[in-house]
Amino acid sequence: MKILAIDTSNYTLGIALIDDDRVIGEYITNIKKNHSIRVMPAIETLMKDCDMISSDLDKIVVAEGPGSYTGVRIGVTIAKTLAWTLNIPLAGVSSLAVVAASAGHYFDGIISPLFDARRGQIYTGLYKYDNGRLIVDKQDHLLLAKDWVAALKVRQERVLFVGNDLPIHEAVIKEALGDQAVLAKLTEQNPRPAELAFLGRDKEPVEIHSFVPNYIRLAEAESKWLEANKGKND
């Protein structure tokens, strides 16, 4: 099965092609540039370099969020368009799960991938490997970093923290957890799009037209609009 994986959910832009158990190619950048004008050229370049054409593809897999509101929307929109145009299945995978899978294969504890959500908050969840398979220990959610590490301290388990936003919350993590916290290496922070492809390979396809991103929370502008208009239609 030939799969195209797309991740634009954060600063990292990741594109991958796999064929069954083989990684054919990956494209990864971690720079603050507009994904909307870069993702299609990146897909075209990778497919050309790997001698593949669109009709070769059997499935599209996309990072569905959480993350940047705009970034998640761009990736999901492109993935839906490609899947619908090519008449092939589409699967969505948690963006946090991709980060966890990119660093945690050989870690024997729990894995806490994280994205900064401003004002001391983080998007995070808990994952672990069981017989080589990534499983969810606690679903993705949004909360204050200090509350998260306090909850993890009670568990008294080693925790691998991973994500490009880790430096923002590193002091809070170390102060609360000490040696209980393990910080992933710099080379493990970028989410690997090939991991995204493998995570989505065996997932059940979604209904393309009704599939929506998992933002976890509304965009700030939308939240403010709803608050300002509360009760006007009651």
Side-chain angles (χ1 to χ4, degrees), residues 3-18 22-47 49-50 60-76 78-79 91-107 109-118 122-129 134 136 140 145 159-170 173 181-201 213-216:
I3 296 174
L4 170 68
I6 303 168
D7 186 356
T8 63
S9 56
N10 287 280
Y11 283 163
T12 304
L13 168 62
I15 309 296
L17 288 167
I18 68 169
R22 184 165 65 100
V23 178
I24 302 175
E26 284 184 287
Y27 177 94
I28 303 173
T29 62
N30 184 30
I31 51 179
K32 190 175 182 180
K33 281 192 173 182
N34 192 333
H35 289 334
S36 64
I37 61 175
R38 298 178 60 234
V39 61
M40 285 307 299
I43 292 172
E44 291 169 1
T45 298
L46 184 62
M47 293 192 65
D49 288 346
C50 295
I60 306 290
V61 177
V62 65
E64 65 184 13
S68 158
Y69 184 87
T70 302
V72 173
R73 186 173 67 246
I74 290 168
V76 169
I78 290 174
V93 173
S94 161
S95 302
L96 287 166
V98 180
V99 177
S102 299
H105 279 279
Y106 303 105
F107 187 71
I110 49 179
I111 309 163
S112 176
L114 64 84
F115 303 138
D116 180 59
R118 301 181 182 178
I122 55 174
Y123 295 111
T124 189
L126 277 183
Y127 295 82
K128 60 185 177 182
Y129 271 93
L134 186 71
V136 179
D140 299 347
V159 186
L160 174 65
F161 290 90
V162 57
N164 280 317
D165 295 332
L166 184 55
I168 300 172
H169 303 280
E170 184 174 339
I173 292 169
V182 179
L183 306 184
K185 298 177 182 178
L186 286 176
T187 52
E188 299 172 326
Q189 307 293 3
N190 281 333
R192 291 281 305 274
E195 295 286 3
L196 168 62
F198 286 120
L199 288 172
R201 180 179 57 183
N214 178 22
Y215 296 121
I216 291 186

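This is a predicted model, so every value here is computed, not measured.
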**Complete:** Of all heavy-atom pairs linking Gly200 and Ala91, the shortest is O-CB, 3.9 Å
**Request:** Examine distances only and state if a side-chain atom of Asn164 and a backbone atom of Leu166 form a donor-acceptor pair shorter than 3.5 Å.
**Result:** no
**Asked** side-chain contact (heavy atoms from CB on, under 4.5 Å) between Tyr27 and Thr45: does it pass, once the steps are laid out?
**Response** CA-CA 9 Å; Tyr27 177 94; Thr45 298; 5.8 Å; no
**Prompt:** OG/Ser9 to OH/Tyr69 distance, rounded to the nearest 0.5 angstrom?
**Reply:** 15.0 Å
**Prompt:** For Leu114, does its backbone N or O pair with a side-chain atom of Thr124 as donor and acceptor, under 3.5 Å?
**Reply:** no
**Request:** Without swapping roles, check the side chain of Thr8 against the backbone of Gly71 for a donor-acceptor pair under 3.5 Å.
**Result:** yes
**Message:** Given 3.5 Å as the limit, does a donor-acceptor pair link the side chain of Asn10 with the main chain of Thr12, or not?
**Reply:** no
**Prompt:** How far apart are the closest heavy atoms of Val99 and Pro191, and which atoms are they?
**Reply:** CG2-CB, 3.9 Å
**Complete:** Given the options Ile15, Ile6, Val98, Leu196 meets side chain to side chain contact (heavy atoms under 4.5 Å, CB included) only with Val98
**Asked** How long is the gap from CD1 on Ile110 to NZ on Lys128, to the nearest 0.5 Å?
**Response** 8.0 Å
**Prompt:** From Ile74 CD1 over to Ser36 OG, what is the distance, rounded to the nearest 0.5 angstrom?
**Reply:** 4.5 Å
**Stepwise side-chain contact (heavy atoms from CB on, under 4.5 Å) check, Ile122 with Phe115** = CA-CA 6 Å; Ile122 55 174; Phe115 303 138; over 6 Å; no
**Fill in**
Correct closest heavy-atom pair for Leu46 and Glu26 would be CD1-N, 3.9 Å
**Request:** Could you check if a side-chain atom of Phe198 sits within less than 4.5 angstrom of a side-chain atom of Val61, using non-hydrogen atoms only?
**Result:** no
**Request:** Step through it carefully: locate the ring centre of Tyr129, locate the ring centre of Phe107, and say whether they are under 6.0 Å apart.
**Result:** no
**Request:** Compare every heavy atom of Asp140 with every heavy atom of Ser94, then report the nearest pair and how far apart it is.
**Result:** OG-OD2, 2.5 Å
**Asked** Is there a donor in the side chain of Asp165 and an acceptor in the side chain of Tyr11, or the other way round, less than 3.5 Å apart?
**Response** no
**Asked** If you measure from NE2 on His35 to CD1 on Ile78, what distance do you get to the nearest 0.5 Å?
**Response** 10.0 Å
**Request:** Please lay out, stage by stage, how Leu134 and Leu199 fare under the test side-chain contact (heavy atoms from CB on, under 4.5 Å).
**Result:** CA-CA 8 Å; Leu134 186 71; Leu199 288 172; 4.1 Å; yes
**Fill in**
For Ile43 and Leu4 the tightest heavy-atom approach is CG2-CD2, 4.0 Å
**Asked** Does any non-hydrogen side-chain atom of Val159 lie less than 4.5 Å from one of Val182?
**Response** no
**Item:** Note, Tyr215 side chain near Pro66 side chain (heavy atom, < 4.5 Å)
**Value:** no
**Request:** Say whether Thr29 and Arg38, considering side chains only, have a donor N or O and an acceptor N or O under 3.5 Å apart.
**Result:** yes
**Prompt:** What heavy-atom pair brings Ala63 and Asp7 nearest, and what distance separates the two atoms?
**Reply:** CB-OD1, 3.3 Å
**Request:** Enter the distance from Leu96:CG to Leu126:CG here, rounded to the nearest 0.5 Å.
**Result:** 10.5 Å
**Request:** Report the residues that fulfil side-chain hydrogen bond (donor to acceptor under 3.5 Å, both in side chains) with Glu64, sequence neighbours left out, ordered by chain and then residue number.
**Result:** none
**Message:** Are more than 12 heavy atoms, taken from residues, nucleotides or ligands other than Leu186, located less than 6.0 Å from that residue's CG atom?
**Reply:** no
**Asked** Can you tell me if Glu195 uses its side chain to pair, donor with acceptor, with the backbone of Ser102 under 3.5 Å?
**Response** no
**Message:** Could you tell me if the side chain of Pro113 sits less than 4.5 Å from the side chain of Tyr127, heavy atoms only?
**Reply:** yes
**Item:** Under the side-chain contact (heavy atoms from CB on, under 4.5 Å) test, residues paired with Ala184 that sit two or more places apart
**Value:** Ala103, Leu160, Val162, Glu188, Gln189
**Message:** Quick check for you: to the nearest 0.5 Å, what is the distance between Ile28 atom CD1 and Asn190 atom CG?
**Reply:** 6.0 Å
**Message:** Is any side-chain heavy atom of Arg118 closer than 4.5 Å to one of Asp116?
**Reply:** yes
